[in-house]
Each structure stands twice: as structure tokens, then as C-alpha cells.
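Before any comments, here is the structure.
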Amino acid sequence: FVEAINVTVLDKTQLLLGGSADGSTYLDVVCNGCKKPIGKSFKSTTSATDIYRNTFSFDMDCVKPYVLGSCNLDRREGIVESNGARFCGE
């Protein structure tokens, strides 16, 4: 079981146009802190992109990677910190 915290998967299906995944459908994944889209959850895919069906894809310009175990999460406020840097709503 994987727990996703501080994100919401919207329920409005979108159609991807262009690129290798042209014609695939997805749901936006949104940050609960800043309310901005940070990725996609693919629901239907082309044969070339079947490995992405029912998975998440994150826009690396919208998220900040960090080393596991290096952050503190305040679940009450939904803020992630690593070495004093805030990861949402900067």
C-alpha cells in the first residue's frame, strides 16, 4: 500500500494531444499546498505507452527531489522541509 500525502488526483479526465502518448487519457495530480498541477495519472494509453497506465508521471519542473529520510513533514500544515528549504508554496 502506498500512501500519497499532500496531493490530490482530480476527477476530470483529460485527453493528451501530441507526442508519443497522443490519444492517452489522464487525470491531473495537484499539490494540496500550492494547488498547482504537478503531474498526471494515466488512465488509458497507447500501445507504445502501456507501461504508464495506472501510474503517476511528475513534471520535474514542478517538484523538488530530495533524499529519503532527509525531510521533516508536518502533517498538520502540509509542509515538507529539508535542510531549511520549504518544498511547497515557496
Side-chain angles (χ1 to χ4, degrees):
F1 178 73
V2 175
E3 178 184 1
I5 54 175
N6 295 328
V7 297
T8 298
V9 178
L10 301 182
D11 60 1
K12 182 180 177 189
T13 303
Q14 307 274 349
L15 178 64
L16 191 63
L17 300 174
S20 62
D22 184 48
S24 298
T25 60
Y26 66 92
L27 303 172
D28 280 320
V29 177
V30 176
C31 172
N32 287 345
C34 65
K35 308 298 184 209
K36 294 180 183 176
I38 59 170
K40 297 172 176 50
S41 175
F42 287 93
K43 295 302 163 193
S44 68
T45 56
T46 63
S47 59
T49 57
D50 270 347
I51 61 171
Y52 302 113
R53 185 179 303 149
N54 296 319
T55 64
F56 293 94
S57 170
F58 293 97
D59 182 346
M60 294 308 293
D61 291 332
C62 296
V63 296
K64 296 182 181 178
Y66 59 92
V67 176
L68 289 177
S70 68
C71 295
N72 296 318
L73 173 64
D74 185 336
R75 289 180 182 258
R76 293 167 297 152
E77 295 182 25
I79 296 172
V80 177
E81 294 186 2
S82 175
N83 300 329
R86 293 174 74 117
F87 284 112
C88 188
E90 293 182 277

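Just so it is clear, the model here is predicted, and its values are computed rather than measured.
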4.5 Å side-chain heavy-atom contact, Asp59 and Pro37: no
Residue pair Leu27 / Thr13, side-chain heavy-atom distance below 4.5 Å: yes
Contact check, side chains of Phe42 and Thr25, non-hydrogen atoms, under 4.5 Å: no
Close side-chain approach of Val9 to Phe56, heavy-atom, < 4.5 Å: yes
Exercise: identify the closest heavy-atom pair between Thr49 and Ser24: OG1-OG, 3.8 Å
Gap separating the CG atom of Leu10 from the NZ atom of Lys40, nearest 0.5 angstrom: 11.5 Å
Approximate separation, where rounding is to 0.5 Å, of Asp28 CG and Ile38 CD1: 10.5 Å
Within-4.5 Å side-chain heavy-atom neighbours: Val7 and Val29: yes
Side-chain heavy-atom pair Asn6, Cys31 within 4.5 angstrom cut-off: no
Residue that, paired with Tyr52, satisfies side-chain contact (heavy atoms from CB on, under 4.5 Å) out of Asp50, Asn54, Thr55: Thr55
OH on Tyr26 to OG on Ser44, rounded to 0.5 Å: 11.5 Å
Within 6.0 Å of NZ in Lys43, more than 12 heavy atoms from elsewhere: yes
Distance (rounded to the nearest 0.5 Å) between Asp22 CG and Leu16 CG: 7.0 Å
